[in-house]
Amino acid sequence: MKPAITYELLHEDKNTGARRGVVHTPHGDIQTPIFMPVGTQATVKSITPEELKEEIKAQIILSNTYHLYLRPGDKLVKEAGGLHKFMNWDRPILTDCGGFQVFSLSDLRTISEDGVEFKSHLDGSKHFFSPEKVMEIEENLGADIIMAFDECCPYPSTYEYTKQSMERTTRWAIRCKEAHKNTEKQGLFGIIQGGFYEDLRKQSLEDLVKLDFPGYAIGGISVGEPKEEFLKVLKYTAPLMPKDKPRYLMGVGTPDYLIESAIAGIDMCDCVLPTRIARNGTAFTSKGKVVVRNATYERDWGPLDDECDCYTCKNYTRAYIRHLVKTNEILGVRLLSMHNLRFLTKLMERVRIEIENDNLLNFKEEFYKKYGYTN
């Protein structure tokens, strides 16, 4: 039986661990490394599926198990024909397991070996997620790539707590694999935990690799730690991950973190950041972030970024977008969201080219200098 998700390595940058590859899924191929826009509630905020395809050039999007379970309900989504039909998106979809939301959104939650009891952030109603329940929800949602239920450690956490949490995540991963039935249409990824302790990361990875998942993710970093801590865990863990499977780093969406992730050998990243900062009137540009609501842009007749090929930059000025943001017009958020998402998908298009040319480190240096990052 052919697995739902397979990975094809096309080229490795000879100066780094960067990989140029393709992830094959039931709804099409994904060219990697890639940034994946997040559609938490079965929509990438303010953007239509047509715009995602034609303007942003998104190859895959994410949706959230926790939020869709609460509303409209995974059973309703299944009744609609699954997420692809429900949201009119015919390309690949990844659903996370809801673990991060359970741990971050709910003040009142109880973790046991069976799973997690939590209260809805919407109305305070009680719910219970077990590995088996999460698999049932994700199968109802029908995404191409689904994630095993994990426990996400807060930062910082003690060694002892992190170890117990990591070992429980492994036991839950075993139960997820046993409960997951739809293996022909959905690929189940395991999530490597272990906080900021290298020996725990190594143990988690080795235990999960024995389960032979079709892909693996690094969870529990990019959770508020200093950049040097993030890079240390990333650079240690990524090269140990299986070479013949997709490597996914969860929750990363700044240009520097995306480039560093590619250099470390990561294939897939996601983050809500581009649409979130758009709602605050902020844009990524090739010369750094622009807070367009600032008065300095009141009479700026240029585009957000003169190197960008997005719809927003081809048609509108900073002055106009500032006006929209200042007057709380919905179009302002839409135009900034479209730009920020395209900025990151275009950045990863460039990263793929630079990997093919064994030139990613030189590109990083050029990009950092222009953007205003320090190495």
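Since the model is a prediction, treat every value here as computed from it, not as a measurement. Count residues from 1 along the sequence.
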Practice prompt. Evaluate the ring pair (Phe, Tyr, Trp, His ring centres under 6.0 Å) criterion for residues Y66 and F118: first the C-alpha distance (whole Å), next the side-chain angles of each, then the deciding distance (0.1 Å), finally the verdict.
Written response: CA-CA 11 Å; Y66 168 89; F118 62 94; 5.6 Å; yes

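Between K370 and E307 a salt bridge is recorded (basic side-chain N to carboxylate O distance below 4.0 Å). Between R168 and E151, at least one side-chain N (NZ, or NE/NH1/NH2) sits under 4.0 Å from a carboxylate O, which counts as a salt bridge. Under the 4.0 Å criterion applied to side-chain N and carboxylate O atoms, E51 and R342 are not assigned as salt-bridge partners. A salt bridge between E136 and K78 is absent, with no side-chain N of the basic residue lying under 4.0 Å from a carboxylate O of the acidic one. Using a 4.0 Å cut-off between charged nitrogen and carboxylate oxygen, K326 and E298 do not count as a salt-bridge pair. Between R109 and E117 there is no salt bridge, since no side-chain N of the basic residue sits under 4.0 Å from a carboxylate O of the acidic one. With respect to K53 and D90, a salt bridge is recorded, a charged nitrogen being found less than 4.0 Å from a carboxylate O.
Put simply, CD1 on I145 and CD1 on I30 are 5.0 Å apart, with the number rounded to the nearest 0.5 Å. In this structure, CG in L341 is found 10.0 Å from CG in L273, a value given to the nearest 0.5 Å. Going from atom CE of M348 over to atom CZ of R350 covers 12.5 Å, rounded to the nearest 0.5 Å. One finds the CZ atom of R322 at 9.0 Å from the OG1 atom of T296 (value rounded to the nearest 0.5 Å).
Using cut-offs of 30° and 60° on the angle between ring planes, the pair F284 and F343 is parallel.
A side chain to side chain donor-acceptor pair (under 3.5 Å) check over residues 269-285, counting only residues at least two apart or in different chains, returns the pairs Y248-D270. Sequence neighbours left out, the pairs with a member in residues 306-327 that pass ring-ring contact (aromatic ring centres under 6.0 Å, His included) are Y311-Y316, Y316-Y320.
Residues L344 and M36 do not share a hydrophobic cluster, defined by chaining ILVMFWY side chains whose heavy atoms lie under 4.5 Å apart.
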Donor-acceptor pairs under 3.5 Å, side chain of residues 210-223 to any protein atom, not counting sequence neighbours: which ones?
| unit_1 | atom_1 | unit_2 | atom_2 | d |
| --- | --- | --- | --- | --- |
| D212 | OD1 | K245 | NZ | 2.8 |
| Y216 | OH | L208 | O | 3.1 |
| Y216 | OH | F213 | N | 2.9 |
| S222 | OG | G251 | O | 3.2 |

Could you list the donor-acceptor pairs under 3.5 angstrom formed by side chains in residues 189-200, with sequence neighbours left out?
| unit_1 | atom_1 | unit_2 | atom_2 | d |
| --- | --- | --- | --- | --- |
| Q193 | NE2 | D150 | OD2 | 2.7 |
| Y197 | OH | S157 | O | 2.8 |
| Y197 | OH | Y159 | N | 3.3 |
| D199 | OD2 | Y159 | OH | 2.5 |

Less than 3.5 Å apart, which donor and acceptor atoms pair up between the side chains of residues 226-241 and the rest of the protein, not counting sequence neighbours?
| unit_1 | atom_1 | unit_2 | atom_2 | d |
| --- | --- | --- | --- | --- |
| K227 | NZ | D256 | OD2 | 2.9 |
| T237 | OG1 | V233 | O | 2.8 |

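Enclosure of atom CD1 in I330 is not indicated, since only 12 or fewer non-hydrogen atoms of other residues, nucleotides or ligands lie within 6.0 angstrom.
At a cut-off of 3.5 Å, with distance as the only test, no side-chain donor of E366 or N362 sits close to an acceptor on the other residue.
K369 meets the salt bridge (charged side-chain N to carboxylate O under 4.0 Å, His left out) test with no other residue; sequence neighbours excluded. With sequence neighbours excluded, no residue satisfies side-chain hydrogen bond (donor to acceptor under 3.5 Å, both in side chains) with T43. The side-chain hydrogen bond (donor to acceptor under 3.5 Å, both in side chains) check on D74 picks up N140, with sequence neighbours excluded. Shown here are the salt bridge (charged side-chain N to carboxylate O under 4.0 Å, His left out) partners of D306, two or more places apart in sequence or in another chain: K287. Partners of E139 under the salt bridge (charged side-chain N to carboxylate O under 4.0 Å, His left out) rule, at least two apart in sequence or in another chain, do not exist in this structure. Shown here are the salt bridge (charged side-chain N to carboxylate O under 4.0 Å, His left out) partners of D358, two or more places apart in sequence or in another chain: there are none. With sequence neighbours left out, the ring pair (Phe, Tyr, Trp, His ring centres under 6.0 Å) criterion links H24 to no other residue.
With contacts defined as side-chain heavy-atom distances shorter than 4.5 Å, the pair K346/D309 qualifies. Counting heavy atoms from C-beta outward, R175 and S130 have side chains that approach closer than 4.5 Å.
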